[in-house]
Amino acid sequence: MGSESASAMRTSLIEFLIESAQKLQVTPIVKYTALSLFADRFYHYLSLSRFESGDKVSSWLLQPLRESNLQLFALVALWISSKMHNSHQLRVKSFKSLGDTVIKEQHFTTRDFLEAEVILMQVMDFEIGAGNTAFIFLEELLFQLKAVAKVGDLVNFEACMDIMDLLYEKEESSILYSSPYSLAASVLVASYVITVPRQRWEFPILHWAPN
């Protein structure tokens, strides 16, 4: 697959995951954890073409690798994320029902979803910690800003998430997600500049503790 077509497929898959998250009405943390699992780790691994050697996992869902199969893995990433963050997580039948509607090229059974879940976990060596995602750092930084400056209440959090979505959709920007804290700070500053009226701009002054 050429670099241009690979880039176009990646963008299409990210948009698919984001749109699926909207259809399922999952919380932002579920969506961004799924994006981290799928885009930052699983799809990044595939882009290295390491599956050609069969050094970790072999499955008909990966060989040959079709866009419809990757859409399945995007839904599975959302499913895993929902288990991690929701006390009443969505059932697999919810994802299968959505897959039956939005995946046009192929029909996947419940067994396929279960197999894809195992494969995705194997690719990530069963390490699915989500504490190092940009979204979590963004929430923490905004909370800290509100604690020291009233202008923090004027920052549009929806705009923050829109910016994060756009960065995920642009492959050239996706490398920023390797530094999630810096990315979160950058997103917060961008949203501050875009959404807070200039006449309300202020910068918090922190009192230094005596030595």
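When reading the values below, keep in mind they use all heavy atoms of this one structure, side chains included, and skip hydrogens, waters and symmetry mates. We count residues from 1, following the sequence as given.
- For Thr195, the side-chain hydrogen bond (donor to acceptor under 3.5 Å, both in side chains) criterion is met by no residue, not counting sequence neighbours.
- Rounded to the nearest 0.5 Å, atoms CD (Gln122) and CE (Met124) are 10.5 Å apart.
- For the side-chain hydrogen bond (donor to acceptor under 3.5 Å, both in side chains) test, no residue two or more places apart in sequence or in another chain qualifies with Thr101.
- Proximity of a side-chain donor or acceptor of Asn156 to a complementary backbone N or O of Glu158 within less than 3.5 Å is detected.
- In this structure, the salt bridge (Lys or Arg N to Asp or Glu O under 4.0 Å) partners of Asp100, at least two apart in sequence or on a different chain, are Lys96.
- The minimum heavy-atom distance linking Ile103 with Leu72 is given by the pair CD1-N, 3.9 Å.
- Annotation: salt bridge (charged side-chain N to carboxylate O under 4.0 Å, His left out) contacts involving residues 106-121, sequence neighbours excluded, comprise Lys83-Glu117.
- Judged as a side chain to side chain contact (heavy atoms under 4.5 Å, CB included), and not counting sequence neighbours, the contacts of Ala185 are Leu141.
- Separation of atoms CG (Leu167) and CD1 (Ile14) is listed at 12.0 Å; rounding is to 0.5 Å.
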Under the criterion side-chain contact (heavy atoms from CB on, under 4.5 Å), I'd like the reasoning laid out for Arg66 against Gln71: C-alpha separation, chi angles, the key distance, then a yes or no. CA-CA 9 Å; Arg66 303 181 178 90; Gln71 290 173 331; over 6 Å; no
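- The shortest distance between side-chain heavy atoms of Phe16 and Leu75 falls below 4.5 Å.
- Inter-residue side-chain proximity for Trp79 and Leu114 is flagged as met; some heavy-atom pair is nearer than 4.5 Å.
- One N or O on the side chain of Thr33 and one on the backbone of Ile29 form a donor-acceptor pair closer than 3.5 Å.
- Ser68 and Gln106 are linked by a side-chain donor-acceptor pair at a separation below 3.5 angstrom, with hydrogens and angles left out of the test.
- Distance alone, capped at 3.5 Å, is enough to place a donor-acceptor pair between the Ser186 side chain and the Ser182 backbone.
- Remark: Phe157 engages Phe135, Leu138, Glu139, Leu142, Cys160, Met161 in a side chain to side chain contact (heavy atoms under 4.5 Å, CB included) (not counting sequence neighbours).
- Using a 4.5 Å heavy-atom cutoff, the side chains of Met9 and Tyr43 are in contact.
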Could you walk me through whether Ile136 and Tyr32 pass side-chain contact (heavy atoms from CB on, under 4.5 Å), step by step? CA-CA 9 Å; Ile136 291 177; Tyr32 289 110; over 6 Å; no
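- Atoms CG and CG, from Leu78 and Leu17 in turn, are 4.5 Å apart once rounded to the nearest 0.5 Å.
- Nearest heavy atom pair, residue Ser191 against residue Val155, reads OG-CG1, 3.7 Å.
- Within the 4.5 Å cutoff, side-chain heavy atoms of Asp40 are placed close to those of Tyr168.
- When all heavy atoms of Leu183 and Ala134 are compared, the pair lying nearest together is CD2-CB, 3.9 Å.
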Would Asp153 and Lys146 satisfy side-chain contact (heavy atoms from CB on, under 4.5 Å), going step by step from the backbone distance to the final call? CA-CA 6 Å; Asp153 294 326; Lys146 289 180 178 181; 3.6 Å; yes
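- Counting only residues at least two apart or in different chains, salt bridge (charged side-chain N to carboxylate O under 4.0 Å, His left out) contacts with residues 24-38 comprise Lys31-Asp165.
- Applying the side chain to side chain contact (heavy atoms under 4.5 Å, CB included) test to Val189 and every residue at least two apart in sequence or in another chain returns Val193.
- Pairs passing the ring pair (Phe, Tyr, Trp, His ring centres under 6.0 Å) check and including a residue from residues 99-122, sequence neighbours excluded, do not occur.
- Evaluation of the side-chain hydrogen bond (donor to acceptor under 3.5 Å, both in side chains) test over residues 12-28, restricted to residues two or more places apart or in two chains, returns Ser12-Glu67.
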Please walk me through it: do Val76 and Phe95 pass side-chain contact (heavy atoms from CB on, under 4.5 Å)? CA-CA 8 Å; Val76 167; Phe95 294 92; over 6 Å; no
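- Between Glu169 and Arg10 the shortest side-chain heavy-atom distance does not fall below 4.5 Å.
- Looking at heavy atoms from C-beta onward, Val123 lies in side-chain contact with Phe42 at the 4.5 angstrom threshold.
- Under the rule for a ring pair (Phe, Tyr, Trp, His ring centres under 6.0 Å), the partners of Phe137 that lie at least two apart in sequence or sit in another chain are Tyr181.
- The number of heavy atoms from other shown groups lying within 6.0 Å of CZ (Phe143) does not exceed 12.
- To the nearest 0.5 Å, atoms NZ (Lys150) and CG (Leu145) are separated by 13.5 Å.
- Phe73 is listed as a side-chain neighbour of Leu61, based on a closest heavy-atom distance under 4.5 Å.
- Ile80 is listed as a side-chain neighbour of Met121, based on a closest heavy-atom distance under 4.5 Å.
- The side chain to side chain contact (heavy atoms under 4.5 Å, CB included) test applied to Arg91 returns Lys93, not counting sequence neighbours.
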